[in-house]
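Here the structure is a predicted model, which means the values were calculated and not measured. Counting from 1, the numbers follow the sequence of the chain as shown. Indexing begins at 1, ligand by ligand and atom by atom, following the structure's order.
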Amino acid sequence: MRVLIVYGSTEGHTRDLCHYAARALGEAGYPTAVEPAGPDASEPDPGPYDAVILAASLHIGRYQAPLVAYARAQHEVLNAKPAVFISVSLSAAGFNPHDWEGCEDCLAKFQHETEWTPALVHHAAGAIRYSQYDFFKRLALKFIAAQRGQPTVTSRNYDLTNYDALRQFVTTFAFGVSQAR
Ligand SMILES: Cc1cc2nc3c(=O)[nH]c(=O)nc-3n(C[C@H](O)[C@H](O)[C@H](O)COP(=O)(O)O)c2cc1C
């Protein structure tokens, strides 16, 4: 059984999470390919794979455009096979109902635009990489983080992801698919 992960990532955290997930899947006995979505990337054909995971992060209420375009282009295949979505965001790091509603709205927009309905969605808390942001992005993130009770000290970066939950999600998904084959 083979798994494909395709991701969109702006600062690299979602890419890192996807490689982590691929390692976890590999260790569990499910060989996994990881590919970026993007105009310069190979558009991986999900057809030959038994299970597909798409992942993207929220930036000002939107997922990465190349990943949205990929999901839209492949929605018929994705709807026809086991395919799940990992949504990475700062909103998922907290318990604020307003943030979670915002996340659900973004997800609903994503599903509407792509015409793909993921079988399951995992919300992963993202990272705050102050060192990678330019002045304006750092200011914006400080504001977004402060609103959500997240760290605003810009001299360091923060990884808010629950890796055990991510591992659990992807391996449980793959196990379920393998049992249903
Ligand atoms: C400019 C900017 C805008 C963001 N906007 C949102 C947002 O609207 N909602 C949210 O929950 N998180 C938001 N985030 C947090 C990102 O989703 C989080 O940092 C994530 O880890 C980024 O993943 P990436 O490194 O794969 O791009 C934003 C981050 C940045 C830098």
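- Between Tyr7 and Pro36, the closest side-chain pair of non-hydrogen atoms falls below 4.5 Å.
- The closest approach between any non-hydrogen atom of Tyr133 and ligand 1 is below 4.0 Å.
- Taking atom 28 (C) of ligand 1 as the reference point, the nearest protein heavy-atom neighbour is Leu58 O, 3.5 Å.
- Side-chain atoms of Phe135 and Leu139, non-hydrogen and from C-beta on, do get closer than 4.5 Å to each other.
- By the 4.5 Å heavy-atom criterion applied to side chains, Val52 and Lys81 are counted as neighbours.
- The contact set between ligand 1 and Thr10, taken as ligand atoms under 4.0 Å from a residue heavy atom, comprises 24 (P), 26 (O), 27 (O).
- Taking the six-membered ring for Trp and thresholds of 30 and 60 degrees, Tyr133 and Tyr130 have ring planes more than 60 degrees apart, a perpendicular arrangement.
- In this structure the side chain of Cys18 never reaches within 4.5 angstrom of the side chain of Glu35, judged on heavy atoms.
- Of the protein's non-hydrogen atoms, Ser91 OG, 2.7 Å is the one closest to atom 11 (O) of ligand 1.
- In this structure, Leu141 has a heavy atom closer than 4.0 Å to ligand 1.
- Within the 4.5 Å cutoff, no side-chain heavy atoms of His122 are placed close to those of Ile53.
- Using cut-offs of 30° and 60° on the angle between ring planes, the pair Phe110 and Phe85 is parallel.
- Residue Leu90 places at least one N or O, backbone or side chain, under 3.5 Å from an N or O of ligand 1.
- Each of Arg138, Arg129, Lys137 was scored for a salt bridge (charged side-chain N to carboxylate O under 4.0 Å, His left out) with Glu11, with one residue passing: Lys137.
- Atom NE2 of His19 has more than 12 neighbouring heavy atoms from other residues, nucleotides or ligands inside a 6.0 Å radius.
- Distances between N or O atoms of Arg129 and those of ligand 1 include no value under 3.5 Å.
- A distance-only check finds a donor-acceptor pair linking the side chain of Asn79 to the backbone of Glu115 [under 3.5 Å].
- Residue Ala127 holds the heavy atom nearest to atom 21 (O) of ligand 1 of all those in Ala145, Ala93, Ala127, Cys103.
- The nearest protein atom to atom 5 (N) of ligand 1, hydrogens excluded, is given as Ile60 N, 2.8 Å; this is a heavy-atom distance.
- Considering backbone and side-chain N/O atoms, Gly126 never comes within less than 3.5 Å of an N/O atom of ligand 1.
- In this structure, Ala140 falls outside the shell of residues with a heavy atom less than 4.0 angstrom from ligand 1.
- The nearest protein atom to atom 25 (O) of ligand 1, hydrogens excluded, is given as His13 N, 2.8 Å; this is a heavy-atom distance.
- Those atoms of ligand 1 with a heavy atom of Thr14 less than 4.0 angstrom away are 23 (O), 24 (P), 26 (O).
- Within 6.0 Å of the CZ atom in Phe143, the count of heavy atoms belonging to other residues, nucleotides or ligands does not exceed 12.
- Listed by atom number, the atoms of ligand 1 under 4.0 Å from Ser89 heavy atoms are 10 (C), 11 (O), 17 (O).
- Looking at ligand 1, you won't find any N or O of Lys137 less than 3.5 Å from one of its N or O atoms.
- Of the polar atoms of Ser57, at least one N or O is found under 3.5 Å from an N or O of ligand 1, judged by distance alone.
- Considering only non-hydrogen protein atoms, atom 8 (O) of ligand 1 sits nearest to Gly61 N, 3.0 Å.
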